[in-house]
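All residue numbers in this chain count up from 1 along the given sequence. For clarity, every value in this text was computed on a predicted model and none was experimentally measured.
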Amino acid sequence: QVQLVESGGGLVQPGGSLRLSCAVSGGTFSNYYMAWFRQAPGKEREFVGGISRSGVFTFYRDSVKGRFTISRDNAKNTVLLQMSGLKPEDTAVYYCAGSRAATGYSGSSEYDYWGQGTQVTVSS
């Protein structure tokens, strides 16, 4: 059974930074395309960033390009989301997701495995 556990969320002031971590157990981590999604109250879940199985290719939604960086360590079965220059509109629950088939900007329906989510709140 594949399990994903996120950590690292919290309250941060505008312009601040946070690093989210996702630990994956079960299955073969290097076989999964990994991504971060987020969902704000009253809004649909949206793709934030994704990373290829090798870690060579990364993809980001336009609103986070240049501020967020996704990375993975296949030896440690972890995927990270480094967030800087945070804005109030980045406030959401952030979810780690893994897929056997997804690539690029695949939507949430393409993902097989999900974490429980971690709250990120950007406020002064």
Side-chain angles (χ1 to χ4, degrees):
Q1 183 177 356
V2 179
Q3 292 187 317
L4 285 66
V5 179
E6 302 101 332
S7 60
L11 173 64
V12 63
Q13 292 186 343
S17 298
L18 278 176
R19 188 179 75 166
L20 305 184
S21 180
C22 175
V24 181
S25 60
T28 304
F29 178 71
S30 59
N31 285 350
Y32 306 139
Y33 181 87
M34 299 300 297
W36 289 92
F37 286 77
R38 67 187 181 187
Q39 188 167 20
K43 295 188 176 181
E44 293 186 355
R45 189 170 298 189
E46 63 183 20
F47 175 87
V48 175
I51 187 165
S52 65
R53 292 158 181 79
S54 65
V56 172
F57 301 104
T58 56
F59 306 86
Y60 301 95
R61 69 180 301 106
D62 286 346
S63 61
V64 308
K65 284 180 181 177
R67 300 189 298 122
F68 289 14
T69 302
I70 187 171
S71 61
R72 67 189 292 162
D73 186 334
N74 285 350
K76 296 182 179 180
N77 291 3
T78 59
V79 59
L80 303 176
L81 183 67
Q82 178 68 48
M83 306 184 293
S84 60
L86 283 161
K87 306 175 181 180
E89 52 263 42
D90 294 318
T91 295
V93 177
Y94 283 70
Y95 297 91
C96 176
S99 173
R100 291 166 292 179
T103 58
Y105 299 93
S106 293
S108 58
S109 64
E110 297 294 319
Y111 289 80
D112 305 294
Y113 312 110
W114 292 87
Q116 81 287 353
T118 185
Q119 177 70 46
V120 171
T121 302
V122 184
S123 175
S124 55

Exercise. Shortest non-hydrogen contact from Tyr60 to Lys65?
Worked result: O-CE, 3.2 Å
Is a side-chain N or O of [X] found less than 3.5 angstrom from the main chain of [Y], in a donor-acceptor match?
| X | Y | result |
| --- | --- | --- |
| Ser124 | Gln13 | no |
| Arg61 | Phe47 | yes |
| Glu6 | Gln116 | yes |

For this session: Among residues two or more places apart or on two chains, list those pairs meeting salt bridge (Lys or Arg N to Asp or Glu O under 4.0 Å) that have a residue in residues 84-102.
Result: Arg38-Asp90, Arg67-Asp90, Arg100-Asp112
Find the distance between [atom1] ([X]) and [atom2] ([Y]) and round it off to the nearest 0.5 Å.
| X | Y | atom1 | atom2 | answer |
| --- | --- | --- | --- | --- |
| Gln119 | Leu11 | CD | CG | 9.5 Å |
| Asp73 | Ser30 | CG | OG | 11.5 Å |
| Met83 | Thr69 | CE | OG1 | 11.0 Å |
| Ser99 | Arg53 | OG | CZ | 6.5 Å |

For this session: Could you tell me which residues satisfy ring pair (Phe, Tyr, Trp, His ring centres under 6.0 Å) with Phe59, sequence neighbours excluded, listed by chain and number?
Result: Tyr105
Are [X] and [Y] grouped together when hydrophobic residues (ILVMFWY) are joined by side-chain heavy atoms under 4.5 angstrom apart?
| X | Y | value |
| --- | --- | --- |
| Tyr94 | Leu80 | no |
| Phe29 | Tyr95 | no |
| Phe68 | Val93 | no |

Problem set entry | Aromatic ring pairing Tyr111/Tyr33, orientation class (parallel under 30°, perpendicular over 60°, tilted between) | tilted
For this session: Quick one: do Tyr32 and Val2 satisfy side chain to side chain contact (heavy atoms under 4.5 Å, CB included)? Show the steps, please.
Result: CA-CA 11 Å; Tyr32 306 139; Val2 179; 3.5 Å; yes
Exercise. Is the shortest heavy-atom distance from the side chain of Arg72 to the side chain of Asn74 under 4.5 Å?
Worked result: yes
Problem set entry | Test item: Trp114 and Arg45 side chains (from C-beta on) under 4.5 Å apart, heavy atoms | yes
For this session: Can you run down the side chain to side chain donor-acceptor pair (under 3.5 Å) pairs that involve residues 15-29, sequence neighbours left out, and say none if there aren't any?
Result: none
